[in-house]
There are 2 protein chains.
Amino acid sequence: MVRPTIADIANRAGVSKGAVSFALNGRPGVSDATRERILRIAEQMSWRPHSAARALGASRVDSVGMVIARPARTLGVEPFFAHLLSGVQSGLSAESISLQLLIVEDTAAEIEVYRRWASEHRVDGVILVDLTVKDPRIDELKALELPAVVIGGRGGKGALPSVWADDREAMLSIVEYLAALGHRRIAHVAGTPNFQHTQRRIRALRDAAPRLGLVDSPSLPTDFSDAEGAAITRKLLSQAQRPTAIVYDSDVMAVAGLGVAMEMGVSVPGDLSIVAFDDSILTQLMHPALTALSRDTFDFGRQAAEVLLETIAAPAQVINRRTPDPVLTVRESTAPPPRPA
Amino acid sequence: MVRPTIADIANRAGVSKGAVSFALNGRPGVSDATRERILRIAEQMSWRPHSAARALGASRVDSVGMVIARPARTLGVEPFFAHLLSGVQSGLSAESISLQLLIVEDTAAEIEVYRRWASEHRVDGVILVDLTVKDPRIDELKALELPAVVIGGRGGKGALPSVWADDREAMLSIVEYLAALGHRRIAHVAGTPNFQHTQRRIRALRDAAPRLGLVDSPSLPTDFSDAEGAAITRKLLSQAQRPTAIVYDSDVMAVAGLGVAMEMGVSVPGDLSIVAFDDSILTQLMHPALTALSRDTFDFGRQAAEVLLETIAAPAQVINRRTPDPVLTVRESTAPPPRPA
DNA sequence: TGCAGGAGCTATACCGGTTTATCAAACCCA
DNA sequence: TGGGTTTGATAAACCGGTATAGCTCCTGCA
């Protein structure tokens, strides 16, 4: 016998298909004795549900989707996504729900994917990353009635369910640490201000500056690429009054920045302190190793999966789950600023 | 009307469900005029196939799977997978086939996933990576009769279809380049000898050594981690007779090795030349930038997808497609060896 | 004793497609 | 003009599950 169906099991057990379905799904309708017998036979014949058949009948496919809209070139280097992905999977595997992953070039393509997924019933819900300020995906997903969870963007009124960490607190912990070391000129090499998390970080720095007595604290936007990270660093270090510390919004940019500093003969951490807003092997591979903000990205993904499953089960409620604040891991790239010449 | 079904279309067009199915799938059975009309109506009602229903009827799910068995920690840093993935997707998107991705801890878990996928009919085929010497996955997939394509491992007799590049030629191009610069002590920090590609590289070096007049050319196995890469480098550089060049089997290990060299005061490329067997932003971010072997990983993935689709369509034939040889990109980390003291 | 009610199970419709058996009309050639 | 083949279409079975109406017993209670 190839793949047994519930009809085969029903036959063997001398009951109806319906009874088998009840037994296998753990719902009432059969006696414990019969259930036991059916389960044993199913096990014996090594029966497994046919996903398509189940999807057709139950109108749920036990599969969720995740689209990442970034050029592949920059994707691989950031451990962030790999960890996030593993976390999401671990959250899903408990319910043995599978994950569809797609990497696309831009948001337009991403939305197109959601439309297709929705109309073809390929996924029960989706996980969103990289929330932008007026994100077009939100309305689209609502229109499609596709359950969704946003990672990283705390939603306001009428927003989608979300899992988020406090970017504001995170930025504050970095700046306060640097200020305590004595830094007063702290530059921030930011990401795209279009991203909500980037905006929150920029605002946090701006708000904290007066209180901490910062003399100069510019936030400079980039596209997250190593190239722009390097270019901005070069510009910053060429100024007459250069910063004594730079905070980078990603580990890749921080590494690029460190390279520029070395090349220009600026010693780290002697002349310049460097902090990365994301932690990974990358920051640890460097010499000096970079002080970085560590988040439990794996857990982040896991929680996103959990919230998504709850949302699929009960679409009415909107969960907004806050994750633990990230903590600063101090390594060798930060020190008190040089004494003024 | 919510999502129209072919029955709705049949109704509107005044034909039977069967006719609509024929028309939409471009198979004979309807006249051109009727086909045209049906297609127009389907378009108008913005009909899309219900993937589960189609899977149930046609017993193919238009979805392929890929399992990566590596600890998530090391995954993200290597751009290799991100590029490969994008390539695979691009190869699949033409036929609008979707991809299921799973990251697991080890091969046992990977095989378990294949079993599940096969019995639940979740995928039409799978793509394998990291082929080992006596790979248990091969037999398992054959037993499951699940179409598969192996990436990177040229198969022998009775093997699975594959897409591969010539690791041997690649290693030779590196070593010949170094030998031409004058290097005679070339160490090779390899991956796990368990991997077929690693073995081929080790053998290539061993075979070429006499011809190139190498005095010393050890291949040292690692687990691909930055930690072991660093440890081996430290050992190599502490020897009385240390190598004048080191070839690393991955970009991450090369970067780790560079760090160790700097820390030990060994100048690169003055005292030591470094070559990475994989290229990425990582190698370009370093100072000095690393000489590395560049492969078109994206295209690699695209071809794997193509071969898999052909294999699914015609399981009998076994395709073994060779991709272009990788080329060496020379950067700043290689130079002639120091003159003997 | 009679009847309501629930437990345990069966039979069957249904999900949205694909595939096949069947059939009428048109076409072809001798 | 008549018999065989091709064309265009239909109706119904089918894929492997889930959901539901309904049937049969058994139990409990008035």
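Lettering of chains follows the sequences in order, A, B, ..., and the numbering in each one begins at 1. This is a predicted model, so every value here is computed, not measured.
- With 3.5 Å as the limit, one finds no donor-acceptor pair spanning the side chains of B/N194 and B/T132.
- Formation of a donor-acceptor pair under 3.5 Å by the B/S31 side chain with backbone atoms of B/T34 is found in this model.
- Within the 4.0 Å cut-off from OP1 or OP2 of D/dC15, not a single side-chain nitrogen or oxygen of A/T5 is found.
- Between B/E140 and B/R115 there is a salt bridge, since a side-chain N of the basic residue sits under 4.0 Å from a carboxylate O of the acidic one.
- Distance CE (B/M45) to P (C/dG17): 11 Å, rounded to an integer number of Å.
- Residue B/S16 places at least one side-chain N or O closer than 4.0 Å to OP1 or OP2 of D/dT10.
- Among D/dG16, C/dT18, D/dT18, the nucleotide with an atom closest to any side-chain atom of B/A58 is C/dT18.
- Here the P atom of nucleotide C/dT12 and the CD1 atom of A/I6 are 16 Å apart, to the nearest Å.
- Taking only distance into account, the side chain of B/K17 meets the base of C/dG17 through a donor-acceptor pair shorter than 3.5 Å.
- Here C/dT18 presents its P atom at 11 Å from CG of B/L56, a figure rounded to the nearest Å.
- Of the listed nucleotides (D/dG8, D/dG16, C/dT18), D/dG16 has the atom at the smallest distance from the side chain of A/H50.
- In this structure, B/F22 places its CZ atom 10 Å from P of C/dT18, rounding to the nearest Å.
- Of the side-chain N and O atoms in B/R54, none sit less than 4.0 angstrom from OP1 or OP2 of C/dG16.
- Between A/R60 atom CZ and C/dC14 atom P there is a gap of 21 Å when expressed in whole angstrom units.
- Separating the CG atom of B/N25 from the P atom of C/dT20 is a distance of 13 Å, rounded to the nearest angstrom.
- Between B/R37 and B/H121, the residue anchored closer to the 5' end of DNA chain D is B/R37, taking for each the nucleotide with the nearest heavy atom.
- The listed nucleotides are C/dT19, C/dT10, D/dA9; the one nearest the side chain of B/S21 is C/dT19.
- Across the protein-nucleic acid pair, B/L24 atom CG and C/dT18 atom P stand 7 Å apart, rounded to whole Å.
- Among the heavy atoms of the strands lying under 4.0 Å from B/R48 are primed sugar atoms or P, OP1, OP2 only; no base atom is included.
- At a threshold of 4.0 angstrom between heavy atoms, the contacts of B/V15 are confined to the sugar-phosphate backbone, with no base atom among them.
- For residues 301-312 of chain B, the side chain to side chain donor-acceptor pair (under 3.5 Å) pairs, not counting sequence neighbours, are B/D299-B/R302, B/D299-B/Q303, B/R302-B/E306, B/Q303-B/R321, B/E306-B/R321, B/E310-B/R321.
- At C/dT19, one or more side-chain N or O atoms of B/R27 fall inside 4.0 Å of OP1 or OP2 (strictly under the cut-off).
- At least one side-chain nitrogen or oxygen of A/W47 sits closer than 4.0 Å to the OP1 or OP2 atom of D/dG17.
- Listed pair B/T34 / D/dA9 meets the phosphate criterion, a side-chain N or O lying under 4.0 Å from OP1 or OP2.
- Side-chain contact check for B/S93 and B/S90: no donor-acceptor pair (N or O, by modelled atom type) lies under 3.5 Å.
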